[in-house]
A.B. asks: 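This is the structure, below, for whatever I ask next.
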Amino acid sequence: MIKKVTDFLELRIGLSEIIRTQFKDYKVPKNINIFYTLGIVAVVAYLVQAITGFFLLVYYIPQADHAFKSVQSLMTDVPYGWLLRMMHVVGSNLMVAVVFLHLLSVFWMGSYKKPRELTWVVGGLMLLITLTFCLSGYLLPWSQLSFWATTIVANIPTALPVVGDLVAKVLRGGDSVTGITLNRFFALHVALLPPLLVSLMGLHIFLVRRIGISAPPSSDTSTKEWNEFRHESYPDGIPFYPNFVLKEAYMIMFYFAVMFFIITFMPTLFLPEQANMPANPFKTPAHIKPEWYFLAPYQLLKLIPNKFLGISLQIILVIIFLLWPFFDTKKERNILKRPLLLGVFLLTIAVWVLLTIWGQYS
Ligand code: HEM
């Protein structure tokens, strides 16, 4: 049967040539390391979200009166509904973690440098979209946690002069978080963000394949200038398939192992008590915080007394992050040979971690 299908495709699209040129004859650098697999793990993480999300959508009711109940009945009445929801909730947190790690790894290896600036910019946009996915999805269960965390975040734009109130109003569909906000976030979460992320993912992977993956900086001895387009190839490298694909498969399995470990042994890690209470706009819970990945920017906003200054600083930092390859134009890719860059990198991570811990316990 399989042979019949492959013969059919062979005749019509030349399948064996695609497999040979794109997998077996496609060579990656000899000393490619495990961190290069994080990009594909992020793709798989997204696929898990899309598939589990589709099944959640079958039962979820996007209305303020029914949303909470529909999610609870999914957890208790629908066969394996709890598993799908837990995979989606834990998966969203793991996807953010994987994308962060991928970002740190491409930064460490200087893979964003000429001619890969666009790959970085598109990746940066994908990170922002991933975070918007989390933000919009967080409100959907309409629990105390989702309602109050969204109330805090949706209030942030009001610090901007002139347009601030308008932005917050458009986001919420009014002066406070209501059923209208739920509908807006739902539309964003299931209709706008998925095609946007998938298109950017296609562009990102196209750029990686078109330019050729970068070699780890320690082995990058190329002195050729990038004055015109060329594909970076590695004739003495290792085959993408099966050698590198096997490494990717290990990491994907590790990803699922972590996911099921959390679901089995730490089921309340991302679903604390407040997540199991229906939203009550008249009862503010005592300790409400954004998700762990928003804690650092949130804490920074709290520390700067002038709200306008705080939000402007964050917008500037995001712009610098997105356009970073155009600021750091030095040819040297090995961060260990660039003490200043290494210092900035380590300091940024230390500040981020510190702010996150501070945010968690304050
Ligand atoms: C949903 C998020 C993302 C997905 C699915 C994704 C996927 C991928 C894949 C499959 C690769 C090729 C293999 C690899 O080097 O790992 C890659 C490479 C790359 N990514 Fe991402 N990525 C994402 C986010 C990001 C972010 C946030 C950045 C940085 C801001 C980024 C920057 C890069 C760069 C510069 C490369 C080229 C690496 C090289 O040539 O060695 N990506 N990405």
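Note that the structure is predicted; figures quoted are calculated from it, not measured.
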A.B. asks: Give the cluster check for Met253 versus Val44: same hydrophobic cluster or not, with ILVMFWY residues linked at side-chain heavy-atom distances below 4.5 Å.
C.D. replies: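 No, Met253 and Val44 fall in different hydrophobic clusters.
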A.B. asks: Can you tell me how far the CG atom of Asn183 sits from the CG atom of Leu188, to the nearest 0.5 Å?
C.D. replies: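 Answer for the CG-CG pair, Asn183 versus Leu188, is 12.0 Å.
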A.B. asks: Evaluate the side-chain proximity of Leu128 to Leu322: yes if any heavy-atom separation is below 4.5 Å, no if none is.
C.D. replies: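 Yes, their side chains come closer than 4.5 Å.
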A.B. asks: Quick one: closest heavy-atom pair of Thr356 and Trp352, and the distance?
C.D. replies: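 Of all heavy-atom pairs spanning Thr356 and Trp352, the closest is OG1-O, 2.8 Å.
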A.B. asks: So, does Lys307 use its side chain to make a donor-acceptor pair with the main chain of Leu301 at under 3.5 Å?
C.D. replies: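 Yes; judged by distance alone, with no hydrogens or angles, the pair exists.
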A.B. asks: For the backbone of Ile180 and the side chain of Thr178, can you confirm whether one donor and one acceptor N or O come within less than 3.5 Å of each other?
C.D. replies: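 A pair under 3.5 Å: yes.
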A.B. asks: If hydrophobic clusters are built by linking Ile, Leu, Val, Met, Phe, Trp and Tyr wherever their side-chain heavy atoms come under 4.5 Å apart, do Met126 and Val121 end up in the same one?
C.D. replies: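 Linked, Met126 and Val121 end up in one cluster.
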A.B. asks: Evaluate Ile205 against Val43 for side chain to side chain contact (heavy atoms under 4.5 Å, CB included), listing each step before the verdict.
C.D. replies: CA-CA 10 Å; Ile205 295 172; Val43 174; 4.1 Å; yes
A.B. asks: Can you give me the closest heavy-atom contact between Tyr46 and Val198, atom names plus distance?
C.D. replies: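 The pair with the smallest heavy-atom distance is CE2-CG2, 3.7 Å.
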A.B. asks: NZ of Lys27 to CD1 of Ile213: how many Å apart, nearest 0.5 Å?
C.D. replies: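 So the gap between those two atoms works out to 15.5 Å.
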A.B. asks: Can you name the one residue among Leu101, Val98, Leu94, Val99 that meets side chain to side chain contact (heavy atoms under 4.5 Å, CB included) with Val41?
C.D. replies: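 Answer after filtering Leu101, Val98, Leu94, Val99: Val98.
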A.B. asks: Is the CD atom of Gln360 crowded by more than 12 outside heavy atoms at less than 6.0 Å?
C.D. replies: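 More than 12 within 6.0 Å, yes.
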A.B. asks: Output yes when a side-chain donor or acceptor of Glu248 lies under 3.5 Å from a complementary backbone atom of Ile34, and no otherwise.
C.D. replies: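 No; judged by distance alone, with no hydrogens or angles, the pair does not exist.
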A.B. asks: Give a yes or no answer on whether the side chain of His102 reaches the backbone of Leu38 with a donor-acceptor pair at less than 3.5 Å.
C.D. replies: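 Flag not set: sc His102 to bb Leu38 has no pair under 3.5 Å.
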A.B. asks: Check this for me, if you would: do Asp7 and Lys3 make a salt bridge, where the nitrogen-to-carboxylate-oxygen distance has to be below 4.0 angstrom?
C.D. replies: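 Looking at Lys3 together with Asp7, the answer is yes, because their closest N to O distance falls below 4.0 Å.
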A.B. asks: Between Ser143 and Ser146, is any side-chain donor less than 3.5 angstrom from a side-chain acceptor?
C.D. replies: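 Looking only at side-chain atoms, Ser146 and Ser143 do form a donor-acceptor pair, the distance falling under 3.5 Å.
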A.B. asks: Taking CZ in Phe260 as the centre, count heavy atoms belonging to other residues, nucleotides or ligands within less than 6.0 Å. Is the count above 12?
C.D. replies: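 More than 12 within 6.0 Å, yes.
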A.B. asks: So for atom NE2, which belongs to His231, do other residues, nucleotides or ligands contribute more than 12 heavy atoms lying within a distance under 6.0 Å?
C.D. replies: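 More than 12 heavy atoms, drawn from other residues, nucleotides or ligands, come within 6.0 Å of this atom.
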A.B. asks: Of Leu103, Ile335, Asn334, which is the lone residue that meets side chain to side chain contact (heavy atoms under 4.5 Å, CB included) with Trp108?
C.D. replies: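 For Trp108, the side chain to side chain contact (heavy atoms under 4.5 Å, CB included) check succeeds only for Ile335.
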A.B. asks: Could you tell me whether the side chain of Glu117 reaches within less than 4.5 Å of the side chain of Trp120, counting heavy atoms only?
C.D. replies: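 Sidechains of Glu117 and Trp120: no contact.
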A.B. asks: Do Leu207 and His204 make a side-chain contact, defined as non-hydrogen atoms from C-beta onward lying under 4.5 Å apart?
C.D. replies: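 The answer is no; the side chains never approach within 4.5 Å.
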A.B. asks: Mind checking what makes salt bridge (charged side-chain N to carboxylate O under 4.0 Å, His left out) contact with Lys30, not counting sequence neighbours?
C.D. replies: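 Once residues adjacent in sequence are excluded, the partners of Lys30 under the salt bridge (charged side-chain N to carboxylate O under 4.0 Å, His left out) criterion are Asp236.
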A.B. asks: May I ask you to decide if Ala215's main-chain N or O and Tyr234's side chain share a donor-acceptor pair within less than 3.5 Å?
C.D. replies: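 Flag set: sc Tyr234 to bb Ala215 pair under 3.5 Å.
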A.B. asks: Do the rings of Phe244 and Phe240 sit parallel, tilted or perpendicular, given the 30° and 60° boundaries?
C.D. replies: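 If you compare the ring of Phe244 with that of Phe240, the planes turn out tilted.
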A.B. asks: Would you please classify the geometry between the Phe107 ring and the Phe345 ring as parallel, tilted or perpendicular, with 30° and 60° separating the classes?
C.D. replies: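 Correct class here is parallel.
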A.B. asks: How long is the gap from CZ on Arg333 to NZ on Lys113, to the nearest 0.5 Å?
C.D. replies: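 So the gap between those two atoms works out to 9.0 Å.
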A.B. asks: Heavy-atom count check: over 12 atoms from other residues, nucleotides or ligands less than 6.0 Å from Phe326 CZ?
C.D. replies: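 Count over threshold, so yes.
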A.B. asks: Just distance, no hydrogens or angles: give the donor-acceptor pairs under 3.5 Å from side chains in residues 267-279, sequence neighbours left out.
C.D. replies:
none

A.B. asks: When you compare the side chain of Pro194 with that of Phe133, does any pair of heavy atoms fall below 4.5 Å?
C.D. replies: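 Side-chain contact under 4.5 Å: yes.
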A.B. asks: Do the side chains of Leu74 and Tyr60 get nearer than 4.5 Å, heavy atoms only?
C.D. replies: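 No, their side chains stay 4.5 Å or more apart.
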A.B. asks: Starting from Val89, can I reach Phe186 by hopping between I/L/V/M/F/W/Y residues whose side chains sit under 4.5 Å apart?
C.D. replies: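 Cluster IDs for Phe186 and Val89 differ.
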A.B. asks: Atom CG in Leu300, atom CD1 in Ile311: separation rounded to 0.5 Å?
C.D. replies: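 Leu300 atom CG to Ile311 atom CD1 measures 11.5 Å (nearest 0.5 Å).
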A.B. asks: Does one hydrophobic cluster hold both Ile152 and Trp358, with members joined at side-chain heavy-atom distances below 4.5 Å?
C.D. replies: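 Cluster IDs for Ile152 and Trp358 differ.
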A.B. asks: Near Arg209 CZ, under 6.0 Å, is it more than 12 heavy atoms from other residues, nucleotides or ligands?
C.D. replies: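 More than 12 heavy atoms, drawn from other residues, nucleotides or ligands, come within 6.0 Å of this atom.
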A.B. asks: Looking at Lys69, I want to see if its NZ is surrounded by more than 12 non-hydrogen atoms of other residues, nucleotides or ligands under 6.0 Å.
C.D. replies: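 No, not enclosed.
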A.B. asks: Is there a ring pair (Phe, Tyr, Trp, His ring centres under 6.0 Å) between Phe261 and Phe265? Walk through the geometry before answering.
C.D. replies: CA-CA 6 Å; Phe261 179 87; Phe265 297 108; 5.0 Å; yes
A.B. asks: Mind checking what makes salt bridge (charged side-chain N to carboxylate O under 4.0 Å, His left out) contact with Arg85, not counting sequence neighbours?
C.D. replies: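 Testing Arg85 for salt bridge (charged side-chain N to carboxylate O under 4.0 Å, His left out), a comparison that skips the adjacent residues, returns none.
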A.B. asks: Does Tyr361 have more than 12 heavy atoms from other residues, nucleotides or ligands lying within 6.0 Å of its OH?
C.D. replies: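 For Tyr361, atom OH is not crowded (no more than 12 foreign heavy atoms under 6.0 Å).
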A.B. asks: Whether Arg116 and Glu232 form a salt bridge (side-chain N of Lys/Arg under 4.0 Å from carboxylate O of Asp/Glu) is what I want to check.
C.D. replies: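 Answer for the salt bridge query: yes.
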A.B. asks: Return each pair, listed once, that meets ring pair (Phe, Tyr, Trp, His ring centres under 6.0 Å) where at least one residue sits in residues 67-87; pairs must be two or more places apart or across chains.
C.D. replies: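 Applying ring pair (Phe, Tyr, Trp, His ring centres under 6.0 Å) to every pair that reaches into residues 67-87, excluding sequence neighbours, yields nothing.
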A.B. asks: Hey, could you give me the OG1/CG distance between Thr158 and Leu166, rounded to the nearest 0.5 Å?
C.D. replies: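 It is 12.5 Å, given to the nearest 0.5 Å.
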A.B. asks: How close do Ile238 and Pro29 get, heavy atom to heavy atom, and via which atoms?
C.D. replies: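 Closest approach of Ile238 to Pro29, heavy atoms only: CG1-O, 3.9 Å.
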A.B. asks: If every non-hydrogen atom of Ile32 is compared with every non-hydrogen atom of Pro216, which pair is closest and at what distance?
C.D. replies: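 Looking at all heavy atoms of both residues, the shortest contact is CA-CG, 4.2 Å.
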A.B. asks: So how far is it from Leu355 CG to Leu303 CG, rounded to the nearest 0.5 Å?
C.D. replies: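 Reported value, rounded in 0.5 Å steps: 6.5 Å.
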A.B. asks: Mind checking whether Asn155 and Arg172 have side chains closer than 4.5 Å, heavy atoms only?
C.D. replies: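 The answer is yes; the side chains approach within 4.5 Å.
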A.B. asks: Angle class for the Trp142/Phe147 ring planes (parallel below 30°, perpendicular above 60°, tilted otherwise)?
C.D. replies: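 Taking Phe147 first and then Trp142, their aromatic rings stand perpendicular (interplane angle over 60°).
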A.B. asks: Mark yes when over 12 heavy atoms from residues, nucleotides or ligands other than Leu340 sit less than 6.0 Å from its CG; otherwise mark no.
C.D. replies: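 No.
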A.B. asks: List, one per line, each side-chain donor-acceptor pair under 3.5 Å for residues 50-58, sequence neighbours excluded.
C.D. replies:
unit_1: Thr52; atom_1: OG1; unit_2: Val48; atom_2: O; d: 2.7
unit_1: Thr52; atom_1: OG1; unit_2: Gln49; atom_2: O; d: 3.4
unit_1: Thr52; atom_1: OG1; unit_2: His88; atom_2: ND1; d: 2.9

A.B. asks: For Ser16 and Glu10, which I'm curious about, is there any donor-acceptor pair between the side chains at under 3.5 Å?
C.D. replies: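 The answer is yes; a qualifying pair exists.
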A.B. asks: Closest approach of Ser214 and Ser111, non-hydrogen atoms and distance?
C.D. replies: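 Of all heavy-atom pairs spanning Ser214 and Ser111, the closest is OG-OG, 3.2 Å.
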A.B. asks: What are the two closest non-hydrogen atoms of Met109 and Phe35, and how far apart are they?
C.D. replies: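 Heavy-atom minimum between the residues: CE-CB, 3.8 Å.
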A.B. asks: Taking Lys337's backbone N and O only, do any of them form a donor-acceptor pair with Glu332's side chain (distance below 3.5 Å, no angle check)?
C.D. replies: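 Side chain of Glu332 to backbone of Lys337: no pair is present.
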A.B. asks: Can you tell if the side chain of Asp25 reaches within under 4.5 Å of the side chain of Pro239, non-hydrogen atoms only?
C.D. replies: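 Counting from C-beta outward, Asp25 and Pro239 never come under 4.5 Å.
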A.B. asks: Starting from Met87, can I reach Tyr138 by hopping between I/L/V/M/F/W/Y residues whose side chains sit under 4.5 Å apart?
C.D. replies: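 Unlinked, Tyr138 and Met87 end up in two clusters.
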A.B. asks: Is there a side-chain contact between Tyr59 and Ser70, using heavy atoms and a 4.5 Å cut-off?
C.D. replies: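 No, their side chains stay 4.5 Å or more apart.
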A.B. asks: List the atom pairs, donor and acceptor, that lie under 3.5 Å between side-chain atoms in residues 312-321 and the rest of the protein, sequence neighbours left out.
C.D. replies:
unit_1: Ser312; atom_1: OG; unit_2: Phe308; atom_2: O; d: 2.6
unit_1: Gln314; atom_1: NE2; unit_2: Pro297; atom_2: O; d: 2.9

